[in-house]
Amino acid sequence: MNSNSKTPDRPEFAVLNGNVVPFSEAKISIMAPGLTFAAAVFEGLRAYWNPDQEQLYVFQMAEHLERLRYSMRVVELENPPSSDQFASQILTGLRANKCRSDTYIRVQSYVDDWGDMIATGPVGSYVVCRSRGRAPAFITGKHFAVSSWRRNADDASPPRIKANGNYLNSRLVGLEAKRNGYDGGIILNRDGSVSEGPGGCIFIVRKKQLITPPVTAGILESITRQTILDLARGLGLDAIERDIGRTELYLAHEGFYCGTGQEIVPVLSVDRKSLGTGEPGPLTRKLQDAYDRAVRGQDDTYKNCLTPVYDI
Ligand code: PMP
């Protein structure tokens, strides 16, 4: 069954292999190793609409494209588009669809045509842009459960890269959480420490300290996570990266889940145990505010992380 409530409106155009095509005509081979063997990596970016300036800004495009380059290198895609080419395709996709609201951008790179498990080419790519506003959970928060699934390990299917194959693990976590009546899952790694959620990183607050698992805990090296660490330190908060034990989730005063798509979602409870008062915490709210200002071009420190889409 399709998760219809979440099926977005189709954009008019996609950028397929560098060319603008009607979305309905953007097709790949049914035997593409990108599909048959998950020989595929991707990125998810956001662009924010600034109504005063009538301008759309892509947030941290260089960082996302750099991570895409790493992902493509690890899975050995042959002669993929360069970061500059992808950057220009993103702008082309946004302009072709006349995007003038907050937008989510998926950049996908994969082995196309027909090949075996270790085929490295021909590489296909696409950029799809779709309108995506802020999730209501940004305000309301979500209830989480620790998943019975463990995070795929760095020496098996490395979470550090944004590989499509890693999302099987995330999918199983998400399905289990939903089946059991939760909004989301938190995944422990093989050591039993917190890694992350299926599509975002985890922060907790204990004794006024902001804590997030290190990049060696089985997480994607999240761009939002790094932005939040920087913002928190800029605000004079004590923000550290260290392993988090499962029971620390229960003892946390507050917590949140973060990523480009989710932005910052307050964690209200874990395994039905409330974090603090069970309401979004004050530090979470402060960081949401700082994040919002950064992505919308209201914080000078982050102005150079914004790429304007339209000539003005
Ligand atoms: N972890 C996973 C598994 C994700 O899918 C995402 C979303 N890209 C994140 C973390 C957050 O990463 P970012 O902040 O770079 O979007």
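Just the heavy atoms: all of them, side chains too, but no hydrogens, waters or symmetry mates, feed the values below. In each ligand, atom 1 is the first atom listed, and ligand 1 is the first ligand listed.
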Novice: Salt bridge between Asp102 and Arg296, side-chain N to carboxylate O under 4.0 Å?
Specialist: yes

Novice: If the threshold is 4.0 Å, N to carboxylate O, is there a salt bridge linking Arg233 and Asp238?
Specialist: no

Novice: Find all atoms of ligand 1 within a distance of less than 4.0 Å from any non-hydrogen atom belonging to Tyr167, and give their numbers and elements.
Specialist: 2 (C), 3 (C), 4 (C), 5 (O)

Novice: Whether Arg106 and Glu43 form a salt bridge (side-chain N of Lys/Arg under 4.0 Å from carboxylate O of Asp/Glu) is what I want to check.
Specialist: no

Novice: May I ask you to check if ligand 1 and Cys201 share an N or O to N or O distance below 3.5 Å?
Specialist: no

Novice: May I ask whether Pro198 has any heavy atom positioned less than 4.0 angstrom from an atom of ligand 1?
Specialist: yes

Novice: Is the closest basic N to carboxylate O distance between Asp183 and Lys178 below 4.0 Å?
Specialist: no

Novice: Specify whether Tyr126 and Tyr110 have parallel, tilted or perpendicular ring planes, treating 30° as the upper limit for parallel and 60° as the lower limit for perpendicular.
Specialist: tilted

Novice: If you measure every N or O of Ser170 against every N or O of ligand 1, does any of those distances drop under 3.5 Å?
Specialist: no

Novice: To the nearest 0.1 Å, how far is atom 16 (O) of ligand 1 from its closest protein heavy atom, and which atom is that?
Specialist: Thr260 OG1, 2.5 Å

Novice: Under 4.0 Å from a heavy atom of Arg151: give me the atoms of ligand 1 that qualify, with their elements.
Specialist: 3 (C)

Novice: What atoms of ligand 1 come closer than 4.0 angstrom to any heavy atom of Glu196?
Specialist: 1 (N), 2 (C), 3 (C), 10 (C)

Novice: Work out whether the distance between some heavy atom of Lys162 and some atom of ligand 1 is less than 4.0 Å.
Specialist: yes

Novice: Can you confirm whether the side chains of Ser83 and Glu66 place a donor and an acceptor under 3.5 Å from each other?
Specialist: no

Novice: So for Gly200, does at least one of its heavy atoms come nearer than 4.0 angstrom to any atom of ligand 1?
Specialist: yes

Novice: Nearest non-hydrogen atom to atom 14 (O) of ligand 1 belongs to which of Thr227, Asn166, Thr224?
Specialist: Thr224

Novice: Is it the side chain, the backbone, both or neither of Arg67 that has a heavy atom closer than 4.0 Å to ligand 1?
Specialist: side chain

Novice: If you measure from the Lys or Arg side-chain nitrogens to the Asp or Glu carboxylate oxygens, is any gap between Lys303 and Asp300 under 4.0 Å?
Specialist: yes

Novice: With the threshold set at 4.0 Å, does a side-chain nitrogen-carboxylate oxygen contact exist between Arg130 and Glu12?
Specialist: no

Novice: Considering only non-hydrogen protein atoms, determine which one is nearest to atom 7 (C) of ligand 1 and report residue, atom name and distance to 0.1 Å.
Specialist: Gly199 O, 3.3 Å

Novice: Closer than 4.0 angstrom: is that true for some heavy atom of Glu63 and an atom of ligand 1?
Specialist: no

Novice: Identify whether the distance between the nearest side-chain nitrogen and carboxylate oxygen of Glu196 and Arg225 falls below 4.0 Å.
Specialist: no

